[in-house]
Protein chains: 4
Amino acid sequence: MSDPETSERRAAILAAAVRVFAREGFHACRVSDIAAEAQVGYGLVYHYFPSKEALLDTIFLERWGVMLDAIRAIDAGEPSAREKLAAIASFIFESYRREPDLMKVIIVEVTRAANSFGARHLDQIGEAYALIGEILSEAIRRGEVRAQTDVRFAAMAFYGVIEQVLTGWIFGLLPAGEEHFDRTKQAAIELVFDGLCGERGAQRRAGA
Amino acid sequence: MSDPETSERRAAILAAAVRVFAREGFHACRVSDIAAEAQVGYGLVYHYFPSKEALLDTIFLERWGVMLDAIRAIDAGEPSAREKLAAIASFIFESYRREPDLMKVIIVEVTRAANSFGARHLDQIGEAYALIGEILSEAIRRGEVRAQTDVRFAAMAFYGVIEQVLTGWIFGLLPAGEEHFDRTKQAAIELVFDGLCGERGAQRRAGA
Amino acid sequence: MSDPETSERRAAILAAAVRVFAREGFHACRVSDIAAEAQVGYGLVYHYFPSKEALLDTIFLERWGVMLDAIRAIDAGEPSAREKLAAIASFIFESYRREPDLMKVIIVEVTRAANSFGARHLDQIGEAYALIGEILSEAIRRGEVRAQTDVRFAAMAFYGVIEQVLTGWIFGLLPAGEEHFDRTKQAAIELVFDGLCGERGAQRRAGA
Amino acid sequence: MSDPETSERRAAILAAAVRVFAREGFHACRVSDIAAEAQVGYGLVYHYFPSKEALLDTIFLERWGVMLDAIRAIDAGEPSAREKLAAIASFIFESYRREPDLMKVIIVEVTRAANSFGARHLDQIGEAYALIGEILSEAIRRGEVRAQTDVRFAAMAFYGVIEQVLTGWIFGLLPAGEEHFDRTKQAAIELVFDGLCGERGAQRRAGA
DNA sequence: GATGAATGAGATTTCATTCAT
DNA sequence: TATGAATGAAATCTCATTCAT
């Protein structure tokens, strides 16, 4: 109860920070905006977090950790690489559907911020690519995926497709309604596995 | 010669801004850093540009315009969609090879900056996706690409793969030596057209 | 026992404040540092003292009162001015030997702090000079000290010598080991009474 | 002219800082008070000085350097130790007469500030004592001063007498009018050389 | 054109103090 | 008594921008 890590107010500040970072951007917003959004005095923000940066670090680390765990669980649970990647894409798209602000903050403020937070959390970011890469390596061994595939490239490409779709949603360049999530997830998997002109993959799925 | 748009000093300031934005980030750097990099007094920056933001706007608009022109030219010149997209990927990778700082700035500071420059230049950014989308629409009509493909999605996915590779180079997560540019370009096209498990595409190219 | 003035915790807080003020300085330290040093919650500091300033006021007033009492007792008890001043110097040096932190705080944070605590406690500080001055006035009447001596000046000079020695110890500019206390006390009295070149005084004492 | 070290505005800021530090104390005053006193925007303070602390450092170092130079010159120029110390006392008292605020700042905020500026400038402060100590060592060799004198102690005591007189003036505990400077200087030298009861020294001077 | 001194709004952060428990 | 979460005034410092030269 008195553990500061589980304080309700702390959680409220974190949630407010997500909304404010998403709405105004990390650099454009002020700590007092976050405090106001959380309906607390802004001194309390500094009671729980040493700095504005620490807020974003905490948000990212917590969420990214959840994603890494999810990827590991998927890797352990699903049978084929195709289903694994589909599950990963599902998880990320579902994350966006449920918490678009959080995903926006992670992508816009961390994942591409090569000069600040991205550089700081490179290990965490790279870990995601590595996990996806391992799934692909295994798929090559099983014959699921072409042998000559560059695993590292393919992992990044797969993640790039997903992140770009998210970016499209964030910017309003791609329709984001409920009905699109599933279709887009399917399309992403199809693209990565079968390509734009691969009838075989399409047929295989049609027959299934 | 006396056209302020073509002044040598102006160009030096712009080039310096690219280097400094790439090195330190737009928010972290100071106008005086840019002036120092350009070896001019920082008052001169304000002689040529109304604000720090205008520098980044200018950098982005100029370069993005060149890219849009290139895409249009490629669209007009190449025979097949595959070759068109290959040429576009080539152009972008080549741009990075020649001017990595410039591309880093565009991707990191503009293209994903949903709350600031990205939002400001959404029309320009969207135009690129639209052009790629048109290439794909045409390809569907010609039967080059599966009919059921969601063109908007596919355009973003294609660009997402490219941007992610660039991001990998920027972060040092992907090997960036000279020899990788071509191979990666090929892999990107192959992935998008043939997918990870499409032998047909690979064979087709092997036979060519 | 239940008198808040004599509470054990209160005393612990006061003692902790002395250590912390001595170690970090009044301005540089935080109330929570004092509470941590006293091993109490920092709310308790405010239970016993109305403010951080009140802590220093209490420390100073308490100790300075002890010193004034001691001076008065010495004045009443010792026969000659020389012995009186020697006893005063002894008392102060002894105070530093036993409680260097306390004396450091009094000198550094109060006695010379012309814009804050020094000004606030000017009456108390001046009282010490006045008492010493009275001893010297009496000594002049008795012929112990030169008639033309400016008593106020001499009192301050005497105290100045003592305080400077303490400052030297505080800063580590003067050797502060046990063996130096007595020697320094003698030297201070000799200097004030006999000066640097007065053999007579030295001889007189040697003969005694 | 354009040397920032000799800028008029910079000098105005420094002079204003002296007045404000003297009037309100280093900790109690705000940088904006200094800027207002100097009649400049407070950004300019940071144009010339990196921090509020740097202002005090600069003030101290500049002035203390002048004093050390003066002491060295006096050491080289005067014949006897008595005259040397008299000249040093003169110089310091004269400094206070001409620039009481400056001397107040140096004594109150630096020379006794064991936890902040005093500690930072200990070398400079100690150098003054060392120079005075050398004068006394030489005086012992020449027989001017008792052989058994502890030089380090005596140097600090001498300086302590002077500083205490200054403190008395600062606090208004000692009369500070023009006519007192000379008398006090004489008294300080007499005290240190002849002591409170040394007729010999007094006679010697009376006869001179 | 070119410079950099000058400005001041505004941001982060600290920490003495209050107060509910 | 005792605690420490909560508050917010206030301080330092940064830096984009202006402007006199």
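Below, read A as the first sequence line, B as the second, and so on, with proteins coming before strands; counting in each chain starts at 1.
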*Parallel under 30°, tilted from 30 to 60°, perpendicular over 60°: which one fits the rings of C/Phe21 and C/Phe26?*
tilted
*Does any non-hydrogen side-chain atom of A/Phe60 lie less than 4.5 Å from one of A/His121?*
yes
*Below 4.0 angstrom from OP1 or OP2 of F/dA2, is there any side-chain N or O of C/Tyr48?*
yes
*asked:* With a 4.0 Å limit, can you tell me whether D/Tyr46 has a side-chain N or O closer than that to the phosphate oxygens OP1/OP2 of F/dT14?
replied: no
*Is there a donor-acceptor pair closer than 3.5 Å between any side-chain N or O of D/Lys104 and the backbone N or O of D/Ala22?*
yes
*Return the value, rounded to whole Å, for the distance between atom CD1 of A/Ile34 and atom P of E/dT13.*
11 Å
*Pair D/Arg30 + D/Glu24: basic N to acidic O under 4.0 Å*: no
*Indicate whether OP1 or OP2 belonging to E/dA6 is found under 4.0 Å from a side-chain N or O atom of D/His47.*
no
*In the strands shown, is E/dA20 matched to any nucleotide by a Watson-Crick or G-U wobble pair with both distances under 3.5 Å, and which?*
F/dT3
*asked:* Using a 4.0 Å heavy-atom cut-off, does C/Ser51 contact any base of the nucleic acid, only the sugar-phosphate backbone, or nothing at all?
replied: sugar-phosphate
_From F/dA2, F/dA5, E/dT7, nucleotide with atom closest to A/Leu44 side chain_ = F/dA5
*Does E/dT12 have a Watson-Crick or wobble partner in any strand here, with both distances under 3.5 angstrom, and which is it?*
F/dA11
*Length of the line joining B/Gln39:CD and E/dT3:C1', which is rounded to integer Å*: 15 Å
*F/dA10 base to A/Tyr42 side chain: any donor-acceptor pair below 3.5 Å?*
yes
*Please determine if a side-chain N or O atom of D/Arg9 lies less than 4.0 Å away from the OP1 or OP2 oxygen of E/dA5.*
no
